[in-house]
Amino acid sequence: AQRVTQPEKLLSVFKGAPVELKCNYSYSGSPELFWYVQYSRQRLQLLLRHISRESIKGFTADLNKGETSFHLKKPFAQEEDSAMYYCALRGGTDKLIFGTGTRLQVFP
Amino acid sequence: EAEVAQSPRYKITEKSQAVAFWCDPISGHATLYWYRQILGQGPELLVQFQDESVVDDSQLPKDRFSAERLKGVDSTLKIQPAELGDSAMYLCASSFGTSGGLISYEQYFGPGTRLTVT
């Protein structure tokens, strides 16, 4: 079965603290993973994808096939990072299979 | 910058009534997706079009939901009759897909239509 699990509904940190949003997946083939973000009153948008191996807004995510994980990390959180974050897996027909999301709150 | 457009943004309807949502994808995007997002959950695919053809509608409740993309451009999602459990955010997304040997799977999302069924 194709599934994405985000165990934390809410993650609260103070500005400057490290952040790690957890994502685990289940997929029988070669996975393609994404992180999407939704800021308040904005539409869902792509943050980063594992094949790009890039850092966007200071966030990185490494695909760990052994642990079937794709955790999102940032060393120093900023208040503007407060948003809803969704981990997603690309399925067979290119559809996205989303996790339930984690709300990140960064306090000043 | 081109964006996916959806209307209406909000819809309140009574149980057993019919409701329709419209989506206009980014120009040139061959693939169009309709997702449903229930409160507290992630988006879930209802139907996927490649041009005017349905690629995946395995999660579409076909007894009450229908979707069309007649000219391969904009799309309409209809619910008839609406039920209380249909209350959710309905998201449309589009991607370039595969065309002329080029492939781009990045999906661009619209603002969504929030449906409340009373």
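Here is how names work: the chains are called A, B, and so on, in the same order as the sequence lines, proteins then strands, and each is numbered from 1. We use all heavy atoms of the structure for the numbers below, so side chains are in, but hydrogens, waters and symmetry mates are not.
In this structure, the portion of B:Gln48 lying under 4.5 Å from any heavy atom of chain A is its side chain and not its backbone. Only the side chain of B:Gln37 comes within contact range of chain A, judged by heavy atoms closer than 4.5 Å. Residue A:Phe34: no heavy atom, backbone or side chain, is found under 4.5 Å from chain B. Only the side chain of A:Arg90 comes within contact range of chain B, with at least one heavy atom under 4.5 Å from a heavy atom of that chain. A:Ile97 does not touch chain B: none of its heavy atoms, backbone or side chain, sits under 4.5 Å away.
B:Val117 and B:Phe21 end up in the same hydrophobic cluster when Ile, Leu, Val, Met, Phe, Trp and Tyr side chains are linked at under 4.5 Å. With hydrophobic clusters built from ILVMFWY side chains whose heavy atoms lie under 4.5 angstrom apart, B:Val73 does not share a cluster with B:Trp22. Both A:Phe70 and A:Tyr27 are assigned to one and the same hydrophobic cluster, defined by single-linkage of ILVMFWY side chains at heavy-atom distances under 4.5 Å. When hydrophobic clusters are built by joining Ile, Leu, Val, Met, Phe, Trp and Tyr residues whose side-chain heavy atoms come closer than 4.5 Å, directly or via intermediates, A:Ile56 is grouped together with A:Val37.
More than 12 heavy atoms of other residues, nucleotides or ligands sit less than 6.0 Å from atom CD1 of B:Ile38. Within 6.0 Å of CZ in A:Arg3 there are 12 or fewer heavy atoms belonging to other residues, nucleotides or ligands. Around CG of A:Leu10, the count of heavy atoms belonging to other residues, nucleotides or ligands within 6.0 Å exceeds 12. The 12-atom threshold is not exceeded at NZ of B:Lys71, counting heavy atoms of other residues, nucleotides or ligands nearer than 6.0 Å. Around CZ of A:Phe14, the count of heavy atoms belonging to other residues, nucleotides or ligands within 6.0 Å does not exceed 12.
Contacts between residues 73-86 of chain A and chain B, counted as heavy-atom pairs separated by less than 4.5 Å, involve A:Tyr86.
With hydrogens and angles disregarded, no donor-acceptor distance shorter than 3.5 Å links the side chain of A:Arg43 to the backbone of B:Glu3.
Looking only at side-chain heavy atoms (C-beta outward), A:Leu96 and B:Gln107 come within less than 4.5 Å of each other.
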### Evaluation steps, side-chain contact (heavy atoms from CB on, under 4.5 Å), between B:Gln41 and A:Phe98
CA-CA 9 Å; B:Gln41 299 183 20; A:Phe98 287 88; over 6 Å; no

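From B:Leu46, atom CG reaches atom NZ of A:Lys95 across 10.5 Å, with rounding to the nearest 0.5 Å.
Partners of A:Trp35 under the side chain to side chain donor-acceptor pair (under 3.5 Å) rule, at least two apart in sequence or in another chain, do not exist in this structure.
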